[in-house]
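To start, the structure under review is shown below, and the notes come after it.
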Amino acid sequence: CGGRLTLTTNGKVERLADGTPVQHKRIRYVCYNKTRRRQECDGQTGYTMHILDGMVTEILHGIFDKMKGATSEMIVGSAMQKKMTLLHQSLQQAQADNRKANREYASLKEEILKAVQGKSALPMDVLSEVLEEPRQRVVATSQRVTELTLESEQEAAKAQEMQQEYDRIAKWSEMFDRSNIATKKMICGYMIERVIVRRNYQLEVKLHLTVEQFLNGIDAALETAAS
């Protein structure tokens, strides 16, 4: 129903053979909407905590196992790698075009200087008119170099950020099982955006975007390697 699951604790008394009462504590997740009759819900009223927590833990273990041994290409993703390669090639071409435009512009400026000194065979007004086109090319190619440099730096920063995110998750995978419950919840909350629980403990898990990107990148790289 989309309602939040909340933890509740209740006790159940059992008697031993000699009649001694024994209190058993039971911790469950219960549907807030259903227990308070706020909304119709076709799920269960409650779910045993250790069963549900164990299922989510197994999902996290599967993610950790999948991410172990992933290469940089898998982490960053083949699409981003390809984009960075194309950006680098475009930047190199733009820099070459800019150098060529600057050489032509400098050469024509020398001719104007000669015209001022009376050493050029071309009239001054002709040289000034001809100079405008290479000057515009210098401006345009310089702007293109600046734009591509900025875009390349942004993509490199994204790749570095993804690597750092991956390193953080890899570190968590090593410490998860020996962490206390508060740390486990923090790690779970960082990796999983939402868990929908249906009757009979059927789970639908929505991962955070970064984790989803990592897994998609790994899958794509493995499929490419297998083909």
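Since we're looking at a predicted model, the values are computed, not measured.
- Using a distance-only test at 3.5 Å, with no hydrogens or angles considered, a donor-acceptor pair links the side chain of Y166 to the main chain of M67.
- The closest side-chain heavy-atom distance from I192 to L60 is below 4.5 Å.
- Residue H61 qualifies as enclosed at atom NE2: its count of foreign heavy atoms under 6.0 Å is above 12.
- In plain terms, the two heavy atoms of S179 and K184 that are nearest each other are O-CE, 3.4 Å.
- Applying the 4.5 Å side-chain rule to ILVMFWY residues, one finds that V139 remains a lone member of its cluster.
- Considering only heavy atoms from C-beta on, V197 comes within 4.5 Å of V195 through its side chain.
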Next on the checklist: Determine whether V56 and C188 satisfy the following criterion, side-chain contact (heavy atoms from CB on, under 4.5 Å), listing intermediate values before the conclusion.
Outcome noted: CA-CA 8 Å; V56 174; C188 182; 3.9 Å; yes

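- Side-chain atoms of H208 do not come within 3.5 Å of backbone N or O of R194 as any donor-acceptor pair.
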Item to check | Evaluation steps, side-chain contact (heavy atoms from CB on, under 4.5 Å), between L203 and M55 | outcome: CA-CA 9 Å; L203 302 186; M55 294 175 72; 3.8 Å; yes

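- The minimum heavy-atom distance linking F176 with I187 is given by the pair CD1-CD1, 3.9 Å.
- For CG of D65, the number of neighbouring non-hydrogen atoms (other residues, nucleotides, ligands) closer than 6.0 Å is greater than 12.
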Item to check | side-chain contact (heavy atoms from CB on, under 4.5 Å) between L215 and K66, intermediate numbers included | outcome: CA-CA 8 Å; L215 298 180; K66 194 170 187 178; 3.9 Å; yes

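- Residues C1 and E40 share a closest heavy-atom pair of CB-O, 3.5 Å.
- Ion pair K171/E174 not flagged as a salt bridge, since none of the NZ, NE, NH1 or NH2 atoms sits closer than 4.0 Å to an Asp/Glu carboxylate oxygen.
- In this structure, R144 and A94 approach most closely via the heavy-atom pair CG-CB, 3.8 Å.
- Hydrophobic side-chain contacts under 4.5 Å tie V145 into a cluster, directly or through other members, with L87, L91, L148.
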Next on the checklist: Determine whether M191 and F64 satisfy the following criterion, side-chain contact (heavy atoms from CB on, under 4.5 Å), listing intermediate values before the conclusion.
Outcome noted: CA-CA 11 Å; M191 298 183 65; F64 291 147; 3.5 Å; yes

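- Under the 4.5 Å side-chain heavy-atom criterion for ILVMFWY residues, no single connected hydrophobic cluster contains both V30 and I27.
- Going from atom CG of D167 over to atom CH2 of W172 covers 12.0 Å, rounded to the nearest 0.5 Å.
- Grouping Ile, Leu, Val, Met, Phe, Trp and Tyr by side-chain contacts under 4.5 Å, direct or through others, leaves L209 on its own.
- Taking every heavy atom of both residues into account, Q44 and Y47 meet most closely at N-OH, 3.0 Å.
- Taken to the nearest 0.5 Å, the CZ atom of F214 stands 12.0 Å off from the CD1 atom of I63.
- A distance of 8.5 Å separates CD in E151 from OG in S90, rounded to the nearest 0.5 Å.
- Separating the SG atom in C41 from the CG atom in N33 is a distance of 7.0 Å, to the nearest 0.5 Å.
- A donor-acceptor pair shorter than 3.5 Å cannot be found between the side chains of Q93 and Q89.
- To the nearest 0.5 Å, atoms OH (Y29) and CG (L52) are separated by 6.0 Å.
- Side-chain contact between T210 and E161: absent, with no pair of heavy atoms (C-beta onward) separated by less than 4.5 Å.
- For the residue pair D97/T141, the side-chain donor-acceptor check at 3.5 Å is not satisfied.
- Rounding to the nearest 0.5 Å gives a distance of 11.0 Å between CG of L5 and CZ of R28.
- For the side-chain contact (heavy atoms from CB on, under 4.5 Å) with I196, the qualifying choice from Q202, K206, E204 is E204, the only one to do so.
- With S173 contributing its side chain and A170 its backbone, the two residues share a donor-acceptor pair below 3.5 Å.
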